[in-house]
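Heads up, the thing below is written out as structure tokens.
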Amino acid sequence: MFARSAFRAAQPLKRTLLSTRSYATEPAKGGSNTVALAAAGALGVGGIGYYLLNSSSTTKIEGKAKEELAKVAGPAKKAFTGGDQGFVSLVLKDVEDVNHNTKKFVFQLPEGDMVSGLEVASALLTKFVPEGQKPVLRPYTPTSDEGTKGYIELIVKKYPGGPMSTHLHDLAPGQSLDFKGPLPKYPWAPNKHEHIALVAGGTGITPMYQLIRSIFDNPEDKTKVTLVFGNIAEEDILLKRELAHIENTYPQRFRAFYVLDNPPKDWAGTKGYITKDLLKTVLPEPKEGNIKIFVCGPPGLYKAISGNKVSPKDQGELSGILKELGYTADQVYKF
């Protein structure tokens, strides 16, 4: 249950945010090429100039040759094709500690030039079979780009009593895990909505990050994005460096608001829980236009914000804060 005391903590933020609903469409342009051009002009004397001219021509020819080869080769082979493919065993290549209870896992795809085959938004199903017990199945959304070749990355938090997260945290490089997919979620297309809002808690950030990355990696996609991300402590904020980079690059199209239940003394963000007053302040209004609200996190967050899903294919009824604020079921998607 979300604490009401967070309302008072959110008041300074509310006053600041009420004037921040305008959005730009492009990041600041890069620096000038004047110095580089001047240098090239200075070098272009006599034999050096002739060499550079021919070098440039050679580079252009090589570039065209690579383009033609790519056309002949066609799209990259997909590791996961869905349907009747079944589970695919992937070898764990590397493990990296993210914080006290979260690790990043790098799994090798069967072939080095393969891509995962995932679309935005989709996930993979993992499986392992404890000795003498039923199989354990859990879905995860990779944090690596869908076009990355040769491997996928997962960020997994270890939950007390969580069989799959415990199994993953016990794996060592060289061991394997079974994957199946892709599991389709919300089908994204550039500019499908004018403005989307993402309400996430803990590792619920991973499908949100998949959406964010897809939008801001595509120059044709002008979607505005607002993220509200709740965690226990500052060290629990996953992917913060990546999110900060996107916000710094697109400060008027992407806004991120962090909420901590147990913040440090110098914390400038919101303290407590994600509240109705906070969401009313930072989210696009229900009647603003073509908007969509996405929710992902632990059961308590779903219950308070949107109501729980019935099953992967049944979104269930909309309830909680979003319903109280006037959003409709068509405007909300629960990952």
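Quick note: residue numbers are just sequence positions, from 1. What you see is a predicted model; the values in this text were computed from it and never measured.
- Taken together through direct or relayed side-chain contacts under 4.5 Å among Ile, Leu, Val, Met, Phe, Trp and Tyr, Ile205 and Ile152 form parts of separate hydrophobic clusters.
- The cluster map of Ile, Leu, Val, Met, Phe, Trp and Tyr, joined by side-chain heavy atoms under 4.5 Å apart, puts Tyr151 and Tyr209 in different clusters.
- A single hydrophobic cluster is not seen to contain both Leu168 and Leu238; linkage of ILVMFWY side chains at heavy-atom distances under 4.5 Å, directly or through other members, places them apart.
- For the pair Ser122 (side chain) and Glu119 (backbone), a donor-acceptor distance under 3.5 Å is present.
- No more than 12 heavy atoms of other residues, nucleotides or ligands shown are found within 6.0 angstrom of NZ on Lys149.
- Not a single ring pair (Phe, Tyr, Trp, His ring centres under 6.0 Å) links Phe80 to another residue, sequence neighbours left out.
- His193 and Tyr333 have their aromatic ring centers separated by at least 6.0 angstrom.
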Using the rule given for salt bridge (charged side-chain N to carboxylate O under 4.0 Å, His left out), can you reason through Glu194 versus Lys224, listing the C-alpha separation, both sets of side-chain angles and the distance that settles it, and then say yes or no? CA-CA 6 Å; Glu194 294 175 11; Lys224 304 168 189 174; over 6 Å; no

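- Val282 has its side chain within reach of Val228: a pair of non-hydrogen atoms, C-beta onward, lies under 4.5 Å apart.
- Within 6.0 Å of CG in Leu137 there are more than 12 heavy atoms belonging to other residues, nucleotides or ligands.
- Side-chain contact between Val115 and Lys77 is absent, with no heavy-atom pair separated by less than 4.5 Å.
- Tyr186 carries Lys192 over the face of its six-membered ring, with the cationic atom under 6.0 Å from the centre and within 45° of the normal.
- Under a cut-off of 6.0 angstrom, the local environment of CD in Glu317 is sparse, with at most 12 non-hydrogen atoms contributed by other residues, nucleotides or ligands.
- Not counting sequence neighbours, the partners of Phe128 by the ring pair (Phe, Tyr, Trp, His ring centres under 6.0 Å) test are His167.
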Using the rule given for salt bridge (charged side-chain N to carboxylate O under 4.0 Å, His left out), can you reason through Glu324 versus Lys276, listing the C-alpha separation, both sets of side-chain angles and the distance that settles it, and then say yes or no? CA-CA 8 Å; Glu324 294 171 9; Lys276 180 178 178 179; 3.6 Å; yes

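- With a 4.5 Å cut-off on side-chain heavy atoms, Thr126 and Pro139 do not count as touching.
- Closest of all the heavy-atom pairs between Ala123 and Lys185 is CB-CE, 4.2 Å.
- Under the 4.5 Å side-chain criterion, counting only non-hydrogen atoms from C-beta, Leu260 is not in contact with Thr270.
- Counting heavy atoms from C-beta on, the side chains of Tyr250 and Gln252 never come closer than 4.5 Å.
- At a threshold of 4.5 Å between side-chain heavy atoms, the hydrophobic network of Ile, Leu, Val, Met, Phe, Trp and Tyr places Val295 and Tyr258 in one connected group.
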Working note: Arg213 + Glu146, criterion salt bridge (charged side-chain N to carboxylate O under 4.0 Å, His left out); need CA distance, chi angles, decisive distance, verdict. CA-CA 10 Å; Arg213 190 189 60 237; Glu146 289 70 40; 2.4 Å; yes

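- Heavy-atom contacts from other residues, nucleotides or ligands closer than 6.0 Å to NZ of Lys78 number 12 or fewer.
- For Phe229 and Phe257, the distance between ring centers is not under 6.0 angstrom.
- Taking the side chain as every heavy atom from C-beta outward, Phe107 and Leu154 approach each other to under 4.5 Å.
- Asp236 places a side-chain N or O within 3.5 Å of a backbone atom of Ala233 that can act as its donor or acceptor partner.
- Side chains of Thr148 and Asp145: a donor-acceptor N/O pair is absent below 3.5 angstrom, by distance only.
- Side-chain contact check for His195 and Thr223: no donor-acceptor pair (N or O, by modelled atom type) lies under 3.5 Å.
- Taking 4.5 Å as the limit, every side-chain heavy atom of Leu279 sits out of range of all side-chain heavy atoms of Ile293.
- Within the 4.5 Å cutoff, side-chain heavy atoms of Phe254 are placed close to those of Leu243.
- No single ILVMFWY cluster, assembled from side-chain heavy atoms under 4.5 Å apart, contains both Val120 and Phe179.
- Using modelled atom types and a 3.5 Å distance limit, the side chains of Tyr159 and Thr203 yield a donor-acceptor pair.
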